[in-house]
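Taking it in order: structure first as structure tokens, then the write-up.
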2 protein chains.
Amino acid sequence: MQDIARLAGVSVSTVSRALAGSHLVARGKREEIVRLAAERGYVVNTTARNLRLKRSETLSVAIPLGQGTGQSLTDPFFVRMIGHVADEITQRGYGMYLQKVLPPTESWLERLIDAGRADGIIVIGQNIEHAALQEAAAYRPLVVWGGHEPGQRYCTVGSDNVAGATAAVEHLLATGRRAIVFLGDTRVPEIRLRYEGYRCALESAPQGSAGARLLATPLAADAGYEALRALMREGAALDAVFGATDLVAIGALRALADAGRRVPGDVAVVGFDDIALAAHTTPPLTTVRQDFARGARTLVDLLLRRIAGEDTPSAVLQAELIVRDSSLVRGA
Amino acid sequence: MQDIARLAGVSVSTVSRALAGSHLVARGKREEIVRLAAERGYVVNTTARNLRLKRSETLSVAIPLGQGTGQSLTDPFFVRMIGHVADEITQRGYGMYLQKVLPPTESWLERLIDAGRADGIIVIGQNIEHAALQEAAAYRPLVVWGGHEPGQRYCTVGSDNVAGATAAVEHLLATGRRAIVFLGDTRVPEIRLRYEGYRCALESAPQGSAGARLLATPLAADAGYEALRALMREGAALDAVFGATDLVAIGALRALADAGRRVPGDVAVVGFDDIALAAHTTPPLTTVRQDFARGARTLVDLLLRRIAGEDTPSAVLQAELIVRDSSLVRGA
DNA sequence: TTGAAAGCGCTACCAT
DNA sequence: ATGGTAGCGCTTTCAA
């Protein structure tokens with residue numbers, strides 16, 4: 001900036017103002033300075049600027065990967081969410097600092113918060129870290145994607161997991177399914193809520209239906225595959241599978257195919273998320289769609305409002321059942 | 001830091017040193033200071049630190065999304081790559097600044113580089129931006145994931161697209177396929193290289209084989225689906241499809257299923273990438289595996305070496321053909 | 001409308 | 001082993 005000032009024959013103050021588009025600088029001079037900077041490839045140093053302004057125009061996105069839940073950063077759900085959040089953040093002229101948090105790290109939230117790298121934090125997925133989040137609740141510029149539970153002190157944005165799961169299971173019951181297995185890891189709050197919706201729907205099940213059956217499995221396709229194979233080897237009766245995520249459901253699809261069970265003829269399969277590939281499985285997967293784009297927009301909106309000092313409530317987004325071939329009426 | 005110094009009854013210099021773990025500070029005093037900081041939730045301000053040190057311990061990851069190539073940040077390929085790169089960066093104690101670059105942005109590379117936010121830049125995918133990259137070649141701390149082409153001045157890391165594609169097509173020919181269609185967008189350098197490998201293999205095809213047939217399509221499942229459907233409606237003869245990416249191949253799988261063509265009985269399908277879901281399609285997809293983990297490691301390695309002042313050459317990684325059911329021997 | 005100068009929070013040099 | 005202090009590059013108040 002010194003250089004530009006010297007070249008333009010003005011002070012650094014004037015250059016700073018000109019580059020910020022201030023009208024305090026004479027129009028001609030301003031344009032001259034801007035031209036000069038562009039020519040010389042000068043760009044304002046963000047670090048110095050941030051230090052001076054005490055804000056970074058950057059939002060931190062943190063992804064806690066719980067121990068053994070099997071999720072990884074490459075999980076299509078995270079990827080999808082990261083993509084949409086990146087869109088939203090970029091659109092508002094903010095930068096995005098991506099942080100992957102592995103479980104053993106202690107007080108990661110505090111560190112992230114106070115280091116001054118970002119103006120606020122978006123945490124995607126509560127994933128076991130519920131307690132840490134509760135503690136950080138006092139810190140305002142924080143919004144979490146996940147399930148909203150009573151007694152929760154931090155601000156969340158998430159789909160209506162209970163209602164979504166209930167709709168899925170009611171659909172299965174309505175199409176004649178009677179033995180519906182739930183595949184997932186209920187240690188994750190969102191999954192627990194989905195399981196709750198599942199149980200809830202089963203309570204009003206017709207006579208002759210089997211009760212709730214929870215098959216615990218990490219949230220990955222391989223895990224879903226293995227878990228369901230094991231269950232079938234045991235000879236358990238089932239005519240429907242509700243995968244807690246599409247990934248798990250896709251694993252289930254393959255396990256069924258390998259075992260010679262026809263989908264949807266013998267067994268119906270339903271997932272949750274509606275990731276891009278759900279429409280392209282064989283058969284295409286019935287699933288509960290989460291509105292990721294809307295979710296991302298809401299996350300960023302709420303966070304920016306919190307940064308501005310507002311105290312925002314949690315938001316629950318509607319989730320929509322998308323019926324595809326994997327749960328067609330039995331025998332259809 | 002002032003506060004901590006006052007509390008500990010020492011100078012800020014000492015606090016700074018203690019927090020950095022310097023052995024110049026008496027052991028007892030050091031521990032006392034660290035304890036005090038932890039207690040009061042004090043964390044060193046990264047921005048000030050970076051300004052002073054003139055480095056940010058942060059790497060920028062930029063993803064240029066070309067016009068109309070149909071790729072989006074939610075493409076499993078990007079997601080996978082981002083995940084692995086995030087892993088590598090995190091592991092080395094660096095932060096990751098994620099940047100999505102939309103085409104109209106001008107001189108985005110320069111801005112990114114000079115703003116001082118990051119010590120170096122990883123660009124994932126050349127995607128139409130080849131020219132801009134060539135210009136930025138002078139800027140050293142820059143590594144690009146993509147194809148390596150003659151005359152290229154910037155440092156790339158990428159799979160051996162030509163060899164990978166050749167292996168895939170040779171496999172198809174060896175198993176009796178004679179009319180192999182290539183599905184993809186050859187404006188993207190990597191895809192152009194794959195197409196080259198495809199043509200190369202076809203040149204040594206047995207008598208009676210059809211020549212190269214390029215079906216241009218954006219790199220997304222829907223696009224692959226539509227493109228292949230259109231081709232089949234035209235009544236074109238084909239007994240194999242080579243999708244430039246797994247996503248396109250998955251679209252092709254579904255188009256074939258919808259049209260009543262059996263895979264691999266009537267038509268073989270091969271993809272490229274080996275994304276997680278390739279093993280879970282019906283039938284499981286034969287594909288050319290890119291070693292993403294290794295690629296990410298190499299990207300970060302080379303970038304850090306460039307930051308240290310070294311001039312590194314481009315790296316080409318081997319790509320491995322993974323044969324699954326979608327290309328089993330005809331009639332098998 | 002412009003310039004001088006203070007200071008954001010930190011590290012590292014130079015003294016002691 | 002510890003402290004004083006300059007200065008990283010910028011914005012903004014205050015004075016002119």
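Throughout, a chain's letter reflects where its sequence line sits, starting with A, and its residues are numbered from 1.
- Residues passing the ring-ring contact (aromatic ring centres under 6.0 Å, His included) test with B/F292, sequence neighbours excluded: B/F77.
- Between D/dC8, D/dC10, C/dC10, one nucleotide has an atom nearer to the side chain of B/N45 than all others, and that is C/dC10.
- Using a 4.0 Å cut-off, no side-chain N or O of A/K54 falls inside it from OP1 or OP2 of C/dG7.
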Quick one: side chains of residues 14-23 of chain B, donor-acceptor pairs under 3.5 Å with protein atoms, not counting sequence neighbours, listed by atom name and distance.
unit_1	atom_1	unit_2	atom_2	d
B/T14	OG1	B/S11	OG	3.2
B/S22	OG	B/L24	N	2.9

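- For A/R49 and C/dG9, the CZ to C1' distance is 18 Å, given to the nearest whole Å.
- A/L53 comes within contact range of the sugar-phosphate backbone alone, with a heavy-atom separation under 4.0 Å but no base atom that close.
- Between A/A48 and A/R55, the residue anchored closer to the 5' end of DNA chain D is A/A48, taking for each the nucleotide with the nearest heavy atom.
- At distances below 3.5 Å, not a single donor-acceptor pair connects side-chain atoms of B/S60 with backbone N or O atoms of B/I121.
- Counting heavy atoms from C-beta outward, A/V85 and A/L59 have side chains that stay 4.5 Å or more apart.
- Distance A/N50 CG to D/dT12 P: 12 Å, rounded to the nearest Å.
- If you check residues 13-44 of chain B against DNA chain D, the residues with a heavy atom closer than 4.0 Å are B/S13, B/T14, B/R17, B/L24, B/V25, B/A26, B/K29, listed by number.
- By the 4.5 Å heavy-atom criterion applied to side chains, A/L193 and A/E190 are not counted as neighbours.
- Straight-line distance from the CG atom of B/L51 to the C1' atom of C/dC8: 9 Å, rounded to whole Å.
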Which pairs would a plain distance check flag for residues 297-305 of chain B, meaning a side-chain donor or acceptor within less than 3.5 Å of a matching protein atom at least two apart in sequence or in another chain?
unit_1	atom_1	unit_2	atom_2	d
B/T298	OG1	B/R294	O	2.7
B/D301	OD1	B/R92	NH1	2.7
B/D301	OD1	B/R92	NH2	3.3
B/R305	NE	B/E310	OE1	3.4
B/R305	NE	B/E310	OE2	3.0
B/R305	NH2	B/E310	OE2	2.8

Secondary-structure notation, DNA chain C, from Watson-Crick and G-U pairs under 3.5 angstrom (| other strand): ||||||||||||||||

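- Remark: of the listed residues B/D119, B/T47, B/N50, B/D119 is the sole one forming a side-chain hydrogen bond (donor to acceptor under 3.5 Å, both in side chains) with B/S56.
- One interatomic measurement links the two molecules: CZ of A/R6 to P of C/dT2, which rounds to 19 Å at whole-angstrom precision.
- Following rounding to the nearest Å, A/R117 (CZ) and C/dG9 (P) show an atom-to-atom distance of 17 Å.
- Sorted by first then second residue, the side-chain hydrogen bond (donor to acceptor under 3.5 Å, both in side chains) pairs that include residues 28-39 of chain B, not counting sequence neighbours, are B/R27-B/E31, B/E32-B/R35, B/R35-B/E39.
- Between A/Q2 atom CD and C/dG3 atom P there is a gap of 13 Å when expressed in whole angstrom units.
- Contact of the B/R306 side chain with the B/D311 side chain is registered, since non-hydrogen atoms from C-beta on lie closer than 4.5 Å.
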